[in-house]
Number of protein chains: 2
Amino acid sequence: MATEPKPASPPLTERQEARRRRILHASAQLASRGGFDAVQMREVAENSQVALGTLYRYFPSKVHLLVATMQDQLQQMHETLRKRPPAAEAPSTRVAETLMRAFRALQREPQLADAMLRALTFADRSVSAEVDTVSRLTTAIILDAMRLPGPPTAEQLSVVRVIEHTWHSALVTWLSGRASIAQVKIDIEMVCRLIDLTAAG
Amino acid sequence: MATEPKPASPPLTERQEARRRRILHASAQLASRGGFDAVQMREVAENSQVALGTLYRYFPSKVHLLVATMQDQLQQMHETLRKRPPAAEAPSTRVAETLMRAFRALQREPQLADAMLRALTFADRSVSAEVDTVSRLTTAIILDAMRLPGPPTAEQLSVVRVIEHTWHSALVTWLSGRASIAQVKIDIEMVCRLIDLTAAG
DNA sequence: CGCTAATCTAGAACAAGTTTCAGACTCGCT
DNA sequence: AGCGAGTCTGAAACTTGTTCTAGATTAGCG
């Protein structure tokens with residue numbers, strides 16, 4: 001389907017779209033190498049052949065840039081998951097499986113994950129719109145995995161939010177070396193049990 | 001690179017202890033006013049009547065300083081809670097009540113909360129020891145509220161971790177204006193249901 | 001006491017995020 | 001074509017976290 005960017009305000013010209021892409025690419029590349037600190041605005045500008053001022057016109061801060069990078073990556077992840085949805089019987093198992101799949105993808109690029117997650121949780125109010133987009137994408141991925149018959153109830157939305165909270169925070173503790181991969185898995189599976197709980201009640 | 005940051009290795013003299021206190025006080029004060037950004041190292045140094053280099057000897061980075069500030073605040077919170085423990089019947093209710101009490105305390109100083117939480121989630125590996133201390137304190141608070149008959153099982157520890165994840169992440173979304181107070185409450189109560197789940201199963 | 005090592009201070013210096021500005025370039029339009 | 005508004009560039013400047021240095025001060029000890 002259409003992988004259109006969100007901004008509805010000003011339609012970008014071809015060259016502008018290309019610039020934007022180059023920037024995001026450079027950002028992801030630098031992040032993959034050295035994590036959050038390695039994404040230096042001057043270097044991103046240089047690597048994407050754009051003036052520093054232009055970089056800042058496209059992304060008003062380093063955090064904006066990295067959150068946009070995360071949007072990009074999540075979108076890809078979402079499509080990948082769409083193609084091969086989890087097969088398990090129970091919704092909670094499907095969600096856990098989905099998140100573990102995403103987790104394995106992040107493990108392949110831990111530095112990139114570090115950059116994106118740190119930016120996401122460090123973001124202040126000025127980035128809330130962009131962070132919200134990421135959140136909605138994550139919610140969509142989880143809801144997809146749940147395959148609800150109808151629209152989610154308020155209670156189910158709360159469960160999804162709690163799963164997201166756990167997901168983000170567990171990743172952060174893993175990235176900072178305070179939790180093992182196994183522990184993240186256990187915690188994800190634990191929080192997914194809330195799904196059964198609301199299905200039954 | 002002297003080896004004497006946190007570990008109780010070298011006992012501090014009176015004057016050193018006083019300096020440390022002044023620094024933490026200045027940090028909390030500045031944070032209360034303007035949040036994370038308002039805690040500027042030069043200003044902390046000035047307000048606590050300490051040279052910049054000394055400040056860095058006591059706290060090797062801004063994040064270290066703010067995480068230590070959080071330790072300080074949490075400790076107070078823990079004692080306050082010890083004095084008036086939650087009265088409710090069900091463990092899950094007691095935990096939810098406890099966290100909501102802490103939440104209300106944070107609401108009184110939202111800027112301070114912002115500074116501490118942003119530092120906590122932004123912390124990289126070099127701060128993991130200090131972050132871990134905060135995490136253990138939080139765990140202790142939650143376990144206190146649960147009032148388990150014996151030592152917690154592995155499963156219960158996972159539940160506590162998930163609650164902590166939710167707690168931190170929910171606070172972050174609240175601080176960045178993406179979730180209401182009511183929503184945080186709902187999510188906390190939701191995740192606390194996991195306690196009943198493991199008590200029953 | 002008087003010595004020595006550690007600590008503290010003031011201040012400069014450095015690094016990276018962010019802002020600013022003058023001039024060159026593009027785009028959409030007529 | 002040619003014009004005007006908006007965009008891009010290159011470079012310098014500014015801000016704040018962090019590091020470094022040289023000289024004063026302090027703590028502990030014989």
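Chain naming here is simple, since letters A, B, ... match the order of the sequence lines and numbering starts at 1 in each.
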Taking the minimum atom-to-atom distance to the side chain of A:K62, which one of C:dG17, C:dT7, D:dG17 wins?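 Per side-chain heavy atoms of A:K62, the pick is C:dG17.
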Return the minimal non-hydrogen interatomic distance between B:E130 and B:S126, and the atom names on each side.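 Answer, listing the atom of B:E130 first, then B:S126: OE1-O, 4.2 Å.
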Identify the two heavy atoms, one from A:A28 and one from A:L112, that lie closest to each other, and give their separation to 0.1 Å.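 Taking every non-hydrogen atom into account, O-CD1, 4.0 Å.
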Using a 4.0 Å heavy-atom cut-off to protein, can you give one letter per nucleotide of nucleotides 22-30 of chain C, 5' to 3': B if the base is in contact, S if only the sugar-phosphate is, - if neither? ----SS---
Whole angstrom is fine here: how far is it from [atom1] in [X] over to [atom2] in [N]?
X     : N      : atom1 : atom2 : value
A:Y56 : C:dT19 : OH    : P     : 7 Å
B:L55 : D:dC20 : CG    : P     : 16 Å
A:Q16 : D:dT7  : CD    : P     : 7 Å
A:R19 : D:dC8  : CZ    : C1'   : 6 Å
A:R20 : D:dT7  : CZ    : P     : 15 Å
A:R22 : D:dC8  : CZ    : C1'   : 11 Å
A:R57 : C:dT18 : CZ    : P     : 17 Å

Is a salt bridge present between [X] and [Y], judged by a nitrogen-to-oxygen distance below 4.0 Å?
X      : Y      : value
A:R101 : A:E97  : yes
A:E46  : A:R42  : no
B:R84  : B:E79  : no
A:R33  : A:E109 : no

is_close_aromatic(A:F122, A:F36), centroid dist under 6.0 Å: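 Aromatic pair excluded; centres sit 6.0 Å or further apart.
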Within this structure, what is the CD-CZ distance for the pair A:E164 and A:R161, rounded to the nearest 0.5 Å?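 If we round to the nearest 0.5 Å, A:E164:CD and A:R161:CZ are 9.0 Å apart.
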Just verifying a value: how many Å separate B:R178 CZ and A:R125 CZ, rounded to the nearest 0.5 Å?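 Going from CZ on B:R178 over to CZ on A:R125, the span is 10.5 Å.
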Here's a test for you: under side chain to side chain contact (heavy atoms under 4.5 Å, CB included), which of A:D114, A:L117, A:I181 qualifies with A:W174?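 Answer to the side chain to side chain contact (heavy atoms under 4.5 Å, CB included) test with A:W174 among A:D114, A:L117, A:I181: A:I181.
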Contact list please: residues 29-53 of chain B against DNA chain D, heavy atoms, distance less than 4.0 Å, in numerical order.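 Only B:V39, B:Q40, B:M41, B:R42, B:L52 qualify.
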Listed in order of residue number, which residues of residues 112-122 of chain A have a non-hydrogen atom at under 4.0 Å from DNA chain D?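 By residue number: none to list.
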Using a heavy-atom cut-off of 4.0 Å across all strands, would you classify A:Y58 as base, sugar-phosphate, or nothing?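 Result for A:Y58 = sugar-phosphate.
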Under the side chain to side chain contact (heavy atoms under 4.5 Å, CB included) criterion, do A:F59 and A:L24 qualify, and how do the steps go? CA-CA 10 Å; A:F59 301 96; A:L24 285 175; 3.8 Å; yes
